[in-house]
2 protein chains.
Amino acid sequence: MEDERALLLLGILRRQDMHGYRLHEFIDTNLAVCADLKKATAYFLLDKMAAEGWVSYEQVQEGNRPPRRVYRITPAGEQAFQRLIRANLATYASMRFPGDVGLAFLDDLKPTEAVHLLRQRRAAMLDALTALQSAPEHAGTAQLIIEHQRRHLAAELDWLDEVIARVEAKSRKTRSSGRRASSP
Amino acid sequence: MEDERALLLLGILRRQDMHGYRLHEFIDTNLAVCADLKKATAYFLLDKMAAEGWVSYEQVQEGNRPPRRVYRITPAGEQAFQRLIRANLATYASMRFPGDVGLAFLDDLKPTEAVHLLRQRRAAMLDALTALQSAPEHAGTAQLIIEHQRRHLAAELDWLDEVIARVEAKSRKTRSSGRRASSP
DNA sequence: GGGCGCATGTAATGAGTTACATGATTGA
DNA sequence: TCAATCATGTAACTCATTACATGCGCCC
């Protein structure tokens, strides 16, 4: 079930009974930084968790609106939560960066163009960073995670700047060797 | 096709014709840091890329061994590579950290246990870091990416240490408020 | 001669997303 | 009245992984 998703849902339901639509809405607006699950997926997972006995639900009808399934965590679900959160906190999952694939072939581009492209990447990262800053005092829960994201982005910017600097250095060398020992 | 994988394969084939087995082997030993694709996936993708006309292959038989399909990039593949690498370098894909889900529910554990678990995570990260250091002068190509990974891990360690410190601070406060204003 | 490495592939499964279908309510 | 929001769900599809099947060569 991809542990984190289950942990996420259980953790939320543990604090508040909720129906699928609200749950998805909540994650999408408050926890988008740390998880992105689509509506269909949320419903699907709730179904599965109900089948496993981690949650139960009560059908609630208000007027003639579509009935809502209000989910509640069960004792088995609480147990699962306790297990999952411990596993999550104690573990480190190493990451792969999609952007690294490009770096692997950096040498196959002209240095000047490489630098140009990397500067575009840099601008995109800067945008992401300022977008984070402007998020106005997000719901207390997610504060830590936003801070984490901020830190990560800052480190990535540092790193990217160094990569750019290296490519520029190489570019200068190439040009000067083209001019055949211009400086002694 | 999940752009990075295609970029990866094209980038390698661009430098050298290769059959699927070698290709997978190469990625697995030299580029494991930045991509993890299984044998079956490699074969599957090569098939698809051949269908799209990005690569062609030549059946090579040596003695009575199983025949090898030696893939070669086509002009269309070269074009795709040029497009993909530019897109990759110019773009930043924001990341989600699986470990953040646990942090979202940190408050639901006793601070002492939370700290204990986070220290385990820290140890795992340290292991990963030393494993990186010991990789002895990896094939020049991947040098950048290993450096990136190293940087990332260092930043993550810093971050985790701060999280631990915060939880410990809260833990002290909790205990002292339990003793009812022990210090003025 | 028994097991590992080379070399390819298929079938089944899983996880998640897209796109669609439904139907009531609410607000412009 | 027309669109948007609320609320649920299904079906089709993609992508990748697991597990399996095959068969030769090589070395101990």
Side-chain angles (χ1 to χ4, degrees), chain A residues 1-9 12-13 16-29 31-32 34-52 54-71 84 93 95-96 98 101, chain B residues 1-9 12-13 16-29 31-32 34-52 54-71 84 93 95-96 98 101:
Chain A
M1 169 171 341
E2 245 253 277
D3 286 351
E4 317 103 64
R5 331 277 279 213
L7 174 56
L8 182 71
L9 296 183
I12 296 170
L13 288 178
Q16 262 204 53
D17 299 351
M18 229 180 268
H19 59 281
Y21 190 90
R22 276 272 166 277
L23 198 69
H24 170 258
E25 192 182 50
F26 180 79
I27 293 170
D28 224 37
T29 64
L31 297 171
C34 86
D36 160 46
L37 96 173
K38 308 295 173 188
K39 234 182 281 189
T41 314
Y43 285 121
F44 174 71
L45 289 179
L46 284 169
D47 257 15
K48 250 185 61 176
M49 286 168 51
E52 273 188 73
W54 290 0
V55 296
S56 62
Y57 62 91
E58 187 193 357
Q59 197 89 229
V60 176
Q61 183 104 32
E62 256 178 53
N64 216 352
R65 303 157 139 285
R68 299 176 299 175
R69 287 185 170 186
V70 178
Y71 287 89
L84 289 171
M95 304 243 44
R96 284 174 182 72
V101 180
Chain B
M1 169 170 340
E2 245 252 278
D3 287 350
E4 316 102 67
R5 328 277 280 216
L7 174 55
L8 181 71
L9 296 183
I12 296 170
L13 288 179
Q16 262 204 52
D17 299 351
M18 230 181 269
H19 60 281
Y21 191 89
R22 276 274 166 274
L23 198 68
H24 169 258
E25 193 182 48
F26 180 79
I27 292 170
D28 223 40
T29 64
L31 298 171
C34 87
D36 160 46
L37 96 172
K38 309 296 174 186
K39 233 182 281 189
T41 313
Y43 286 122
F44 174 72
L45 289 180
L46 284 170
D47 258 14
K48 250 185 60 175
M49 286 169 48
E52 273 188 73
W54 290 359
V55 296
S56 62
Y57 62 89
E58 186 193 356
Q59 198 88 231
V60 176
Q61 183 105 30
E62 256 179 55
N64 216 350
R65 301 156 140 287
R68 298 176 301 176
R69 288 187 171 185
V70 177
Y71 288 89
L84 289 172
M95 303 243 47
R96 286 175 180 71
V101 180

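Computed from a predicted structure; not experimentally measured. Every chain is numbered from 1, with letters handed out A, B, ... down the list of sequences. No hydrogens, no waters, no symmetry mates; every other heavy atom, side chains included, goes into these values.
- If you check dA7(C), dA15(C), dC15(D) against the side chain of K48(B), the one that comes closest is dC15(D).
- R5(B) and T41(B) make their closest contact through NH2-CG2, 4.0 Å (heavy atoms, listed as atom of the first residue, atom of the second, distance).
- When side chains are defined from C-beta on, R69(A) counts as touching D47(A), because their heavy atoms get closer than 4.5 Å.
- Among the nucleotides dA19(C), dA7(C), dG16(C), the one closest to the side chain of E2(A) is dG16(C).
- The CG atom of D28(B) sits 8.0 Å away from atom CG of L37(B), with the distance rounded to the nearest 0.5 Å.
- Rounded to whole Å, atom C1' of dT8(C) lies 12 Å from atom OH of Y57(B).
- Between R22(B) and dC6(C) there is no side-chain N or O to OP1 or OP2 distance below 4.0 Å.
- Contact check, T41(A) against dT17(C): a side-chain N or O comes under 4.0 Å of OP1 or OP2.
- The nucleotide whose nearest atom lies closest to any side-chain atom of A40(B) is, among dC6(D), dT8(C), dT10(C), dT10(C).
- The separation between F44(A) atom CZ and dT13(C) atom C1' is 12 Å, rounded to whole Å.
- Rounded to whole angstrom, the span from the CE atom of M49(B) across to the C1' atom of dC15(D) amounts to 16 Å.
- With the nearest nucleotide of DNA chain C identified for both K38(A) and V70(B), V70(B) has the one nearer the 5' end.
- Residues L46(A) and G20(A) come closest through the heavy atom pair CD1-CA, 3.7 Å.
- Whole-Å rounding puts the Y43(B) OH to dA19(D) P distance at 18 Å.
- Atom P of nucleotide dC6(C) and atom CE of M18(B) are separated by 15 Å, given to the nearest angstrom.
- Residue K39(B) contributes atom NZ, which lies 9 Å from atom P of dC6(C) at whole-angstrom precision.
- In this model, the phosphate group of dC6(D) is approached by a side-chain N or O of Y21(A) to a distance below 4.0 Å at OP1 or OP2.
- Atom CD of Q61(A) is separated from atom C1' of dG23(C) by 12 Å (rounded to the nearest Å).
- Comparing atom distances between the R68(B) side chain and each of dA7(C), dT18(C), dA19(D) picks out dA7(C) as nearest.
- The nearest heavy atom of DNA chain C to E25(B) and to Q59(B) marks one nucleotide each, and the one closer to the 5' end goes with E25(B).
- Heavy atoms from other residues, nucleotides or ligands lying under 6.0 Å from CD of E25(A) number more than 12.
- With dA7(C), dA16(D), dG9(D) as the choices, the nucleotide that has an atom nearest any side-chain atom of L45(B) turns out to be dA16(D).
- The side chain of D36(A) sits closest to dT17(C) out of dT17(C), dT17(D), dT5(D).
- Which of dA19(C), dT17(D), dG16(C) sits closest to the side chain of R5(B) comes down to dT17(D).
- In this structure, the NE2 atom of H19(B) is 4 Å from the P atom of dA7(C), given to the nearest Å.
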